[in-house]
Number of protein chains: 2
Amino acid sequence: MATIDDVAKAAGVSTSTVSYVLSGKRPISAPTRARVERAIDKLGYRPHAGARALASARTNVIALMAPLRVGVNVPVIMQFVAGVVTRARDFDHDVLLLTQDDVSGLDRVTGGSMVDALVMMDIEADDPRVPLVAAAKQPTVLIGLPQDPEGLSCVDLDFEAAGRLAVRHLARTGHTDVALIGSPPEVLQRHTSYAERLMRGLRSQATSSGLTARVEACDSSPSGASAAVDTLLATAPDTTGIIVHNEAALPHVLSRLAERGIVVGADMSVIAVCPTDVALSQRIPMTSIDLPAEDIGKVAVDMVMARLEGDHPSETRLLSPVLTERESSAYGPAGALD
Amino acid sequence: MATIDDVAKAAGVSTSTVSYVLSGKRPISAPTRARVERAIDKLGYRPHAGARALASARTNVIALMAPLRVGVNVPVIMQFVAGVVTRARDFDHDVLLLTQDDVSGLDRVTGGSMVDALVMMDIEADDPRVPLVAAAKQPTVLIGLPQDPEGLSCVDLDFEAAGRLAVRHLARTGHTDVALIGSPPEVLQRHTSYAERLMRGLRSQATSSGLTARVEACDSSPSGASAAVDTLLATAPDTTGIIVHNEAALPHVLSRLAERGIVVGADMSVIAVCPTDVALSQRIPMTSIDLPAEDIGKVAVDMVMARLEGDHPSETRLLSPVLTERESSAYGPAGALD
DNA sequence: TTGAAAGCGCTAACAT
DNA sequence: ATGTTAGCGCTTTCAA
C-alpha cells in the first residue's frame with residue numbers, strides 16, 4: 001500500500017501538502033493540487049484509517065446500536081437502519097453495528113475511540129445503556145425516549161400525539177367505543193417507550209372526547225392476534241373503532257375480523273400505526289398514521305452530526321404524526337360530527 | 001483518556017509489559033500482571049483502536065456487505081446478519097455495515113485498512129463486487145455463489161440439493177405433478193444464485209424421478225401470490241405438490257389455496273424452503289427444508305477468521321439441506337412408493 | 001503558498 | 001521475565 005510519503009515523493013511536494021490537498025484545510029495552488037491528485041490516483045493511494053484516527057482523533061465511523069433479535073418488527077427496524085446508514089454516508093461516515101445485548105460494546109467502542117458518535121434504537125423507559133452513553137465523550141442520539149430525556153438528544157415519532165390523533169379522528173367520524181390492539185406483552189413489560197406513549201395519548205384523548213377506550217396487548221402471532229380480537233369483541237362488543245399498533249399482528253387481526261364476518265371499513269374502522277408501505281400491503285389499503293422509520297433514522301444522524309460539528313445543545317425532536325385516510329375506516333354509529 | 005504510558009507509570013512497569021499483559025503474547029509473572037491489571041481498571045484504560053490498528057495492522061473489525069433494500073425477505077436477511085455479528089464477537093471483532101448499493105464502500109474499507117476481512121451477502125451470478133474483493137488484501141467470504149467460485153471462499157445452503165430433496169420427497173410420497181412457486185421476477189432477473197440453483201436441482205430430479213415440474217416466479221405481494229397460484233392451477237390442474245421458495249409470499253400462497261377450497265396437507269402437499277421459524281408461524285406447521293440463515297452467517301465468519309489466522313485455502317461450503325415433515329404434506333395420488 | 005517536524009498511542013523486534 | 005525504542009501513517013502546529 002502506498003503511503004502519503006510515497007505520494008508526496010511522486011508529486012515532488014511535502015507530506016503536509018498532500019494532507020492539505022486531501023482535507024482542503026488550506027489553500028493549494030492549482031498546479032500543485034493537480035500534480036498531487038495525479039500522483040494519488042497513479043499510486044491508488046488511500047489514507048490509512050487508523051493512522052488518520054490516531055492523528056486527528058476522528059474515525060469517520062458512527063456506532064449504531066440496534067436490536068438484532070429476530071422476530072420483532074424486523075422490517076421496521078431495517079427501515080431505521082437503512083436511514084441511518086444512508087445518511088451517515090452523506091456525512092462521509094461509515095456505520096459500526098452493535099447489538100442490544102452487547103452492552104459492553106458501548107464501552108468498547110467509545111472508550112477505544114472506535115467511533116465519533118452513537119445512535120441507539122429501541123430505548124426503554126429505564127434503559128441501562130443510557131447512563132453509559134451519557135458518560136461517553138462521543139455525542140449520542142437516541143431513537144425513542146427514556147423516562148427522563150433531560151440532557152439527552154432524542155428523536156422519535158410523537159407517539160403520544162399519534163394516540164390522540166387516532167382517537168380524535170375516530171371521535172370525529174362518529175365512533176364512541178374504541179380500542180387499541182397494541183404491542184406484545186414483552187414489549188410492554190420492558191416499558192418500551194413508544195408503546196406507553198401511544199397509550200397515554202390515546203387515553204387522554206378518549207377522556208377529553210368522551211369515548212370509551214379499551215386496551216389489549218397483542219402477541220404478534222396469528223393466534224395471539226385472534227385472541228386479542230376475540231377478547232375485545234367479547235368484553236366490548238360495541239367497539240366500532242380499532243387502532244392497531246403492531247405491524248406483525250396487523251394482517252392477523254384483519255384476518256380474524258374477516259373470519260368473524262366483520263367488514264373492515266364498514267362494520268369496523270381500523271387505523272394502523274405503522275410505516276406506509278406496511279399499511280398499503282394489507283388486504284385492503286389501511287387508514288394509517290405513518291411511522292416514518294427511515295426519516296427518523298436520517299434525522300438521528302443529522303442530529304448527531306450537528307452535535308459533532310458545532311456545540312449544538314442536546315434536544316428532543318418528536319415528529320408530528322400524520323393520518324392518511326384510506327379504505328379501512330368509515331363513519332361510526334354517531335355519524336359525522338364536524 | 002488514559003494511555004498505555006499512564007498505565008505503565010501507575011503500575012511501575014514499561015509500556016511493553018502493559019502491552020504484553022493485554023495481548024498475552026509473552027509470559028508475565030503473576031505479581032506484575034496483577035499490578036498492571038489493577039492500574040488498568042483504576043484508570044479505566046482502553047487501548048486506542050486507531051493506534052492499535054496502525055501499529056499492528058489489525059483493526060478487529062470485519063465488513064459486512066448486506067442488501068439493506070427494504071422489502072425483500074428482510075427478516076431472513078436479519079438472521080444472517082445476526083449470525084455474523086454474534087460470531088464476530090466470539091472472535092473479538094466488531095462489524096462495519098455496508099450496503100449493497102455502496103460498491104465504492106469496498107474500496108474505501110479495504111484500501112483504507114478499516115477492516116481485517118469481509119463478508120458479502122446476496123451474491124449474484126455475475127456480481128460486480130466479486131472482482132473488487134478478489135483484488136483486496138483482506139480475505140472475503142461470500143454468502144451465496146457467483147457463477148465461477150474458483151479461488152473464492154463461499155458458503156450457502158446447497159440449494160441445488162434442496163431442490164432435489166424436495167422433489168424426491170414428493171416423488172416418494174406419491175406425487176407425479178409438482179410445481180415450484182419461487183422468487184420474485186426481479187430476483188430471477190438479477191440471476192441471484194440461490195434461486196437458479198434450486199430450480200436446477202428441482203428440474204434434474206424431476207427428470208430422473210419422472211415427474212412433471214412446473215415453475216412459477218412469484219411476486220411477494222398477496223396479489224402476486226394469488227396470481228401465481230391461479231396460473232398454476234389453471235395451466236397444471238393435476239398438480240398435487242408445491243414447493244414454495246419465497247418466505248414473503250408463503251402466507252399468501254396458503255391463503256389463496258384456502259380461498260379456493262384446497263386443503264393443504266390433504267388435497268395439496270406444500271413444502272416450504274425457508275427458516276424453520278417461518279415454517280412454524282404459518283397457519284399450519286409447514287413441512288419444510290430449513291434455511292439455516294443464522295448458522296450460515298456464523299460459518300461465514302468462521303471461514304473468514306480461519307483465512308485470517310493460518311493460510312487456509314479458499315473453499316466453498318454448501319450445507320446439506322434437511323427436510324422436516326410437518327402438517328402441510330401428505331401422500332399424493334400414487335400413494336407410498338417406498 | 002509550501003515545508004519541516006513533532007507528536008497521536010500503540011506493537012514488536014531487539015536487548016538484557 | 002522485563003525494559004528500550006523504532007516505527008506504523010497520518011495531521012497540524014510552527015516557520016518560512
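Below, chains carry the letters A, B, ... as their sequence lines are ordered, and counting in each starts from 1. These values consider heavy atoms only, across backbone and side chains, with no hydrogens, waters or symmetry-generated copies.
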(request) Report yes if a side-chain nitrogen or oxygen of T17(A) is closer than 4.0 Å to either non-bridging phosphate oxygen (OP1 or OP2) of dG3(C); otherwise report no. (result)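 Yes, because at least one side-chain N or O of T17(A) sits under 4.0 Å from OP1 or OP2 of dG3(C).
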(message) OP1 or OP2 of dT1(C) versus the side-chain N and O atoms of T32(A): is any pair under 4.0 Å?
(response)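 No, outside the criterion.
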Using whole Å, report how far [atom1] of [X] lies from [atom2] of [N].
X	N	atom1	atom2	result
R35(B)	dT2(D)	CZ	C1'	11 Å
I28(A)	dT12(D)	CD1	C1'	13 Å
M1(B)	dG7(C)	CE	P	22 Å
D6(B)	dC8(C)	CG	P	11 Å
L54(A)	dG7(C)	CG	P	14 Å

(request) Decide whether S16(B) and S19(B) meet the rule of one side-chain donor and one side-chain acceptor closer than 3.5 Å. (result)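 Judged by distance alone, the side chains do not pair up.
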(request) Taking atom types as modelled, find out whether R197(A) and S193(A) have a side-chain donor-acceptor pair closer than 3.5 angstrom. (result)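 Side-chain D/A pair, R197(A) to S193(A): present.
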(message) Applying side chain to side chain contact (heavy atoms under 4.5 Å, CB included), can you list everything that pairs with K25(B), at least two apart in sequence or on another chain?
(response)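 Once residues adjacent in sequence are excluded, the partners of K25(B) under the side chain to side chain contact (heavy atoms under 4.5 Å, CB included) criterion are Y20(B), S23(B).
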(message) Any non-hydrogen side-chain atom of L68(A) less than 4.5 Å from a side-chain atom of Q100(A)?
(response)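 No, side chains not in contact.
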(message) Could you check whether D295(A) pairs with K298(A) (Lys NZ or Arg NE/NH1/NH2 to Asp/Glu carboxylate O, under 4.0 Å)?
(response)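 K298(A) and D295(A): not salt-bridged.
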(request) Salt-bridge test for D122(A) and R190(A): reply yes if a basic N is under 4.0 Å from a carboxylate O, no otherwise. (result)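 Result for this pair is yes, salt bridge flagged.
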Identify all pairs in which a protein N or O lies below 3.5 Å from an N or O of nucleotides 10-13 of chain C, and state each distance.
| from | atom 1 | to | atom 2 | distance (Å) |
| --- | --- | --- | --- | --- |
| dC10(C) | OP1 | Y45(B) | OH | 2.5 |
| dC10(C) | OP1 | H48(B) | N | 3.1 |
| dC10(C) | OP2 | I4(B) | N | 2.3 |
| dC10(C) | O5' | Y45(B) | OH | 3.4 |
| dT11(C) | OP1 | R52(B) | NE | 2.8 |
| dT11(C) | OP1 | R52(B) | NH2 | 3.3 |
| dT11(C) | OP2 | S19(B) | OG | 2.8 |
| dA12(C) | OP2 | K25(B) | NZ | 3.1 |
| dA12(C) | N7 | Y20(B) | OH | 3.4 |

